[in-house]
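None of these values were measured; they are calculated from a predicted model. Residue numbering restarts at 1 for every chain, and letters A, B, ... go by the order of the sequence lines.
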Protein chains: 2
Amino acid sequence: MSRERTDAQPGNQTSSQRAQPRLRVAVVDRDPGFMQVLANRLGALGCEHRALSSPATVETLVAMRLNALVVDLAVIGPESWDYLERVCGRLPGLAVIVCTGPSSVAQRVRGLRLGADAWMTKPCHPEELICVIEAAVRRHRRHELPQVDVAATIGEITVRPDLYQAYVAEQSLELTAREFEILQLLAQSDRVLRREEIYERVWGYAMAHGDRSVDVFVRKLRQKLRAISPAWNYIHTHFGVGYRFAPEPEVLELDEAGSADVPAPEFPAALTR
Amino acid sequence: MSRERTDAQPGNQTSSQRAQPRLRVAVVDRDPGFMQVLANRLGALGCEHRALSSPATVETLVAMRLNALVVDLAVIGPESWDYLERVCGRLPGLAVIVCTGPSSVAQRVRGLRLGADAWMTKPCHPEELICVIEAAVRRHRRHELPQVDVAATIGEITVRPDLYQAYVAEQSLELTAREFEILQLLAQSDRVLRREEIYERVWGYAMAHGDRSVDVFVRKLRQKLRAISPAWNYIHTHFGVGYRFAPEPEVLELDEAGSADVPAPEFPAALTR
DNA sequence: CGTCTTGATCACAGGATGTTTACACGCAAT
DNA sequence: ATTGCGTGTAAACATCCTGTGATCAAGACG
C-alpha cells in the first residue's frame, strides 16, 4: 500500500492540519461543463482540485489525501452503493458529497445512511455545492486537532510537536515521523486507546482488518524508550483492547543483566543488515 | 455449539456506545403535523427530542446540551440570519439544519456560509431529514470519544471505562476485557439483566441457545471480587431470570451461624419463566 | 421427599491476541 | 543509478483469554 510521507517536515499533516491548500477536493463526474465551472470556483478559492472521469479505488483516494470527494453516482453505475459504502467505511475522515441527477427519497436516504455527508441534486448551483462541501469539511476539521504544537510533558516524557521531537528525562529520542505521532497520541491521551483508534488518528483513515502496523510501531517505540530507561515500561498493553501510555512508569523486573533488551546504545535500525 | 467470534472485529464498541440517548434534538417549527411526524420518528429511534414554537436563546440551547437543532427560518422572522450566526458561532459543536420553505440559491448559500450544516427545503420527507441530521451529527461525534465514557462509582465499586479498570474500595481489580465489560454493564444497570441481554450487549450478537459463557464470566467476576472483599456478594442471581448488581452489598453468612435465611427477598420470584 | 430444572464451579484444550523478527517496497538524497 | 532509510507485511513465536463439557449444588414443584 502506498503510504508516502510526501511533506515530511514540520507542519506534517497526517494527524494534524494540512499546510497550505485550503481544501483538497476530487470530483468524479463526466459533465465537462460542470467540471469546468467547479474547477474554476475551487481554483479561485485556493482549493486543490482534481477531476476524475471514473471512480478511483479506495487506495488511490487514500493516497490523494483528500478532504472531500464529490461524486456523481451515474458515473459509477450499478455498484454505486457498494462503492459508497467502501469509501465511507474506509475513509471516515473524508467528506463525501453525492451530486447526481434526479433521485428518489429512498435513494437519498440510502446514500446518507451509507455514510455520505450530503446529497445534491443536479442541476445545482456551483456556489451552493461549494458551500455544501465546505460545510461538510468544516465538521471534520473542527475536532481534528484539539491542541497542537503545544509542547507537553507527561511524566518523564516531553513531546514537542513543533520540532517533531520527543525527550525522555531531558534526553532526546530519535523517532521517525510515524513513531513520533503515535507516541504523541498515546502520551496526550490519558486512557486506553484501541488499535483502530490509534490507526485512524495517526494514519488518517480506517484500519484494515488484521493490520498489525500499530503493534510493530509500538514495539519500535518500546525498544527506543527502553534504550534510554531500561527499567521502565511506558506503554501498557491491555489485552483484547489496546494500549495506554502510563505517565508513572511501571517498573519492570529485569532479570539478570539487561541482556535481552537493549541491543546497543546506538540505534539498532542501522545495524540490522 | 460452535460459536465463532471471528467478527470480534473493529474493536468491541459494545461498551463505548451504550448509555445516553442516541441523540438530543430540538426542532423549532410551527407546523404541528410536521412536528408530530418528526417527533414520532425521533422517538422511535431512541432520540430525545423537544419541540419549540419560537426560537430559543443561545443560553437555553447551551443548557439543553443538544446534538442537533432543526430550524425553520420562517418562525424566526427577519433576524434569521443574525440568529443563525449567533447560534452557529456560539455552539460550534451543534449540528444546525435549516428546514424551510422554498428559498433562493443566495439564501441557501448565505445560511451555509453562516455555519449551518445542511439546508432542507420543505416539504421534505421526514426520513430524509432524519438522515441528514444523523449525517451532520456523525461528524461531530467522530472525535468526541474521549469524554463519552465517564468514570462511575456504584457503591463500593468504581468503573473507569477510559482505563478499562475497575476498583473495589480504592483497590484495583485485575479484569480481562470481557470481564470488565460485563461488570461495567451490570454496575451501570440498576436492574436485573437477563443472560441473553448481557450476552447481546457485551458480545454484540445474539446468544446461542444453551450457552453458559455468561455464567462462567460471572463466576470469574465473583471470584475476583471475593478476593478483595470476601464477605460481600455484589452480583445477585435471580433464579430463572438473570443477574443483578447490588450497589449495597448483601452480607453473606460465612460458615454455619445464621445459615439459611438470606435477606432481601426484594423481588418476588419474578415469574418462574 | 424425590425429581427435574437451573445455576455454580472447575479444569483444560483450542484459539484469538500480542510480540518479535526479518524482509520487501518506495521514496529521497547522493 | 545507487544507496539509505522509513514504512508496512508476513510469518514464527509466545501469551493467556475464552468457551466447553463434566460434575456438583441449589431452587422449584409435585
Quick one: do B:Thr153 and B:Tyr167 satisfy side-chain contact (heavy atoms from CB on, under 4.5 Å)? Show the steps, please. CA-CA 9 Å; B:Thr153 299; B:Tyr167 306 85; over 6 Å; no
Residue pair A:Leu175, A:Leu221: steps toward the side-chain contact (heavy atoms from CB on, under 4.5 Å) verdict: CA-CA 8 Å; A:Leu175 301 179; A:Leu221 274 174; 3.9 Å; yes
Using the side-chain contact (heavy atoms from CB on, under 4.5 Å) rule, take A:Leu183 and A:Leu173 through it: C-alpha gap first, then chi angles, then the decisive distance, then the call. CA-CA 11 Å; A:Leu183 178 62; A:Leu173 264 177; 4.2 Å; yes
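Side-chain contact of B:Ser189 with B:Arg201: a donor-acceptor pair under 3.5 Å is absent, judged by distance alone.
Of the charged side-chain nitrogens involved, none lies within less than 4.0 Å of a carboxylate oxygen, so that A:Arg195 and A:Asp211 do not count as a salt-bridged pair.
The CZ atom of B:Arg178 sits 6 Å away from the P atom of D:dT18 (whole-angstrom rounding). Whole-Å rounding puts the A:Phe180 CZ to D:dT7 C1' distance at 18 Å. Whole-Å rounding puts the B:His236 NE2 to C:dT6 P distance at 23 Å. If you take CG of A:Leu221 and P of D:dG6, they are 13 Å apart, rounded to a whole angstrom. Separating the CD atom of B:Glu179 from the C1' atom of D:dG19 is a distance of 13 Å, rounded to the nearest angstrom. Between the NE2 atom of A:His209 and the P atom of C:dT17 there is a distance of 8 Å, given to the nearest Å. Going from atom NZ of B:Lys224 over to atom C1' of D:dT18 covers 12 Å, rounded to whole Å. Put simply, CZ on A:Phe239 is 15 Å from P on D:dA14, counting in whole angstrom units.
Checking the phosphate oxygens (OP1, OP2) of D:dG19, a side-chain nitrogen or oxygen of B:Trp203 falls inside 4.0 Å. Proximity of B:Thr176 to the phosphate of D:dC16: no side-chain N or O atom is located under 4.0 Å from OP1 or OP2. In terms of phosphate contacts, B:Ser213 brings a side-chain nitrogen or oxygen within less than 4.0 Å of OP1 or OP2 of D:dT20.
Contact annotation: the side chain of A:Tyr234 approaches that of A:Val168 to within less than 4.5 Å [non-hydrogen atoms, C-beta and beyond].
Here the side chain of A:Glu48 pairs no donor or acceptor atom with the backbone of A:Leu23 at under 3.5 angstrom.
The ring-ring contact (aromatic ring centres under 6.0 Å, His included) test applied to A:Phe217 returns A:Trp203, not counting sequence neighbours.
For the helix from C:dC1-D:dG30 to C:dT30-D:dA1, the rotation axes defined at the first and last 5 base pairs enclose an angle of 40°, given to the nearest 10°.
Surrounding CZ of B:Arg222 are more than 12 heavy atoms belonging to other residues, nucleotides or ligands, all under 6.0 Å away.
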Tabulate atom names and distances for all N/O pairs under 3.5 angstrom spanning the protein and nucleotides 8-15 of chain C.
residue: C:dA8; atom: OP1; partner: B:Arg222; partner atom: NH2; Å: 2.3
residue: C:dA8; atom: OP1; partner: B:Thr237; partner atom: OG1; Å: 2.6
residue: C:dA8; atom: OP2; partner: B:Tyr243; partner atom: OH; Å: 2.5
residue: C:dC10; atom: OP2; partner: B:Arg219; partner atom: NE; Å: 3.4
residue: C:dC10; atom: OP2; partner: B:Arg219; partner atom: NH2; Å: 3.0

